[in-house]
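I have placed the structure first, in the form of structure tokens, so that the comments after it can refer back to it.
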Amino acid sequence: MYLYLNLPHWCTDMDKYDKVIDLCKRRGFFWPASEIYGGVAGFLDFGPLGTMLKRNIERRWRETFIHKNHGIVYEIETPVITPSKVFEASGHVENFTDVIVECTSCHKKFRADHIIIEQAGEVPGIEGKTAAQLDEIISTNHVVCTECGGALGKVSNFNLLFKTNIGPYSENVAYLRPEAAQGMFTNFKSIYTAMRERLPLGLAQIGKVARNEISPRQGPLRLREFTIMEVEFFFDPKNPTCTLLEQVYDKELRLLTEDLVAAEKTDPIEVTVREALSERLIKSDWLAYFMALSTDFISELGAPHNSQMFVGKLAKERAHYSAQTFDQLVKLDRWGWVEVSGHAYRTDYDLSRHQQYSGQDLGVFRKYDVPKKTRVLVAKPRVDLISREYQSETGKILAALKSIDAASLRSKLAAGNVVVDGSTIRPELVEFMEKEESVTGERFIPHVAEPSFGADRLTYLALECAYNEKGDRTILSLPRSIAPVKICVFPLVNKDGINEKAQAIFDAIRSDGFIADFDDGGSIGRRYARSDEIGAPIAITVDYQTMNDDTVTIRDRDNWAQSRISARDLRSYLKEYFCIR
RNA sequence: GCGGCCGUGGUCUAGUCCGGUCUAGGAUAAAAGCUUCCCAAGCUUUGGAUCCCGGGUUCGAAUCCCGGCGGCCGCACCA
């Protein structure tokens, strides 16, 4: 009856999230920031293993989205602190807010526009209303607290941007960026020029962003400061074909299309990229291409194919500049379907806004294959006759005539005299002729497809997917490509020169560039258990046989199988095992 | 932000109702050594908690009261 006393901690009633978080703290992956002062919600400190894991995920993302597409996609780096103007242009200062209204008696908070629609019905253009306008609507429609019927207070805006000042001048307002995207937009034109004016062009960034969330929960999944990995992919809307599509045509995507979402379905359909595009389920080739890369990338981190899907956002749910948005969701144990990336077709919204706010020309020139020749009607005033008749008025009359469209001027004069700027013009004072003009191209603002990932969420995702228990032991089956420690080296016993031999092999492995641990403490079983728990894919054990024939055992983390190989072949074995060329 | 539950070594937990016997017990993890021919074995030793923070009540507070912070859940909110 006392069977349950003195059970180790991992037998207690914890769900997978708790177990992963517990492991992260114990083994040094991550934990709440500023913990010695009580911690603060929405911030995370990464320890040695967590930092290595996160960097490996970032590196694999960089390889997948940037290096694989080198020549088209380039990584850049821009500051976190960004002048106010940038976010005024992007719309964040105005729109990255929630309109909140609080009940004066029970202090519940509501989103002001939602509670109005709920009680007063649809209000046209409610999204653009100011707080004062919403106050007005609340009082004229007698909108009250849904919970207790109490009176509502004043509507206020809560902006999710973190605010700061640049230098000692308080009027020099800046914000911490809430997305890295704006740095790509503000630099687009100069990079486009520097990279020899080629489209398509992708700009990518991996960096910190900050959002002052009202109430962050869910540990590493919702942070106030986190690492974002984004590509802003610029292309010509009149030439939207993805040149890399054949690489991914047959990849399967699990899609919950906008139609399915509207019909309140929850099971995605499975289609190839080819089908998704031919049936117009995805409206942009490039969006589809990045969605295919994302599926592979998330799979590589350990998420099974059938716990992933892309969910289409309905028109009313997505930002007004977006022609189409898919969220990529992965199913987690406690939290259910969680967004790990967003794929938005942002059109030309951002560049157009920055063009407007900065006064800089952010468009590019599209040359026609053959110059367009058009015949245009030109009005030619008879300057000699006009000047003789009107003398000093001539200049004014010529300017006035120039401002009138040639075709309409001709039809008016055909009907008789025309009064221009107070002067009467007789038909014979203007001649008309047709002229041929050649136009070599046109200017346009590129469109943008944006895949965007949260690195911290992905780190948690990889840990949760890797988390396994075998009997009373924990095994972190992290994919080889991202496991922080690749190899653990153990002497089976610490005598008869075995330790020294193991140390020599360990040194050789490290000098080949592998991150490896050496452990000679405690029993061999304990050391295997420790290396499993930090997710080292293989352990190399030096035993008595090594001393005779120079072979070592290689022990697999996931199935505990052992094989012997010659120490001489270790280097090439490891390079192949970890796919290092 | 609101409501509920909660906060004790790195981790999990006993003790909290009914204040003193708690200079806070256990397990596990960690470190040093012994042992050990392959999966958290065993033995010895060691370090580590002013009981989330602040205030109050009391002769005396981990324990009672108030405030704050943090966590989880629900509501609300949110890429």
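The model shown is predicted, which means the values in this text are computed figures rather than measured ones. Naming: A, B, ... by sequence-line order, numbering from 1 per chain. Values reported hereafter were calculated over all heavy atoms of this structure, with side chains retained and with hydrogens, waters and symmetry mates removed.
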Practice task
State plainly whether the residues A:K501 and A:D496 are in salt-bridge range, i.e. N to O under 4.0 Å.
Solution key: no
Problem - Lys/Arg N to Asp/Glu carboxylate O, A:R346 vs A:D350, below 4.0 Å - result: yes
Exercise for the section: Could you tell me the separation between the CG atom of A:N499 and the P atom of B:C38, rounded to a whole number of Å? Expected result: 17 Å
Practice task
Please confirm whether any donor atom in the side chain of A:D543 sits under 3.5 Å from an acceptor in the base of B:C37, or the reverse.
Solution key: no
Exercise for the section: Mind checking A:N494 for me? I need base, sugar-phosphate or nothing, with any heavy atom below 4.0 Å counting as a touch. Expected result: base
Fill in the blank from the handout: The nucleotide from B:C37, B:C73, B:A79 with an atom nearest the side chain of A:W335 is B:C73
Handout entry: Closest to side chain of A:Q562, choosing from B:G10, B:C38, B:A79
Key = B:C38
Completion exercise
Pairing partner of B:C12, by Watson-Crick or G-U wobble and under 3.5 Å for both distances, is B:G26
Practice task
With A:H343 as reference, evaluate A:F326, A:Y289, A:F310, A:F233 under the ring-ring contact (aromatic ring centres under 6.0 Å, His included) test and give the passing residue.
Solution key: A:F310
Exercise for the section: Tell me, please, whether A:F43 has A:R224 positioned over its six-membered ring: NZ or CZ under 6.0 Å from the ring centre and within 45 degrees of its axis? Expected result: no
Practice task
Could you tell me whether A:G219 contacts a base, only the sugar-phosphate backbone, or nothing, with contacts defined as non-hydrogen atoms closer than 4.0 Å?
Solution key: sugar-phosphate
Exercise for the section: Report which part of the nucleic acid A:Q218 touches: base, sugar-phosphate, or nothing (heavy-atom distance under 4.0 Å, all strands). Expected result: sugar-phosphate
Handout entry: Per A:R555 side chain, nearest of listed nucleotides B:G70, B:C37, B:C39
Key = B:C39
Practice task
With heavy atoms under 4.0 Å as the rule, sort A:T553 into base, sugar-phosphate or nothing.
Solution key: base
Exercise for the section: Map A:Y17 and A:V542 onto RNA chain B by nearest heavy atom, then report which one ends up closer to the 5' terminus. Expected result: A:V542
Exercise for the section: Using the P atom as the reference point in each nucleotide, state the distance between B:U23 and B:U35 in Å, no decimals. Expected result: 41 Å
Problem - Residue whose nearest RNA chain B nucleotide is more 5′ - A:R564 or A:D520 - result: A:D520
Exercise for the section: Consider the side chain of A:T541, meaning its heavy atoms from C-beta on, and name the nucleotide among B:G10, B:C38, B:A79 that approaches it most closely. Expected result: B:C38
Practice task
Identify whether any heavy atom of A:L492 sits under 4.0 Å from a base atom; if not, whether one sits that close to sugar-phosphate; answer base, sugar-phosphate or nothing.
Solution key: base
Exercise for the section: Describe the nucleic acid contact of A:K313 in one word from base, sugar-phosphate, nothing, applying a heavy-atom distance below 4.0 Å. Expected result: base
Exercise for the section: Classify the nucleic acid contact of A:E35 as base, sugar-phosphate or nothing, counting any heavy atom under 4.0 Å across all strands shown. Expected result: nothing
Handout entry: hbond_proxy A:D472 side chain to B:A40 base (donor-acceptor, 3.5 Å cutoff)
Key = no
Practice task
Give one of base, sugar-phosphate or nothing for A:R457, where a contact means two heavy atoms less than 4.0 Å apart.
Solution key: nothing
Completion exercise
Closest of B:A40, B:G10, B:U36 to the A:K495 side chain is B:U36
Handout entry: Base B:A40 to side chain A:E533, donor-acceptor N/O within 3.5 Å cut-off
Key = yes
Problem - pi-stack flag for A:Y528 and B:C38, centroid dist under 5.5 Å, interplanar under 30° - result: no
Problem - Basic-acidic side-chain contact under 4.0 Å: A:D517, A:R530 - result: no
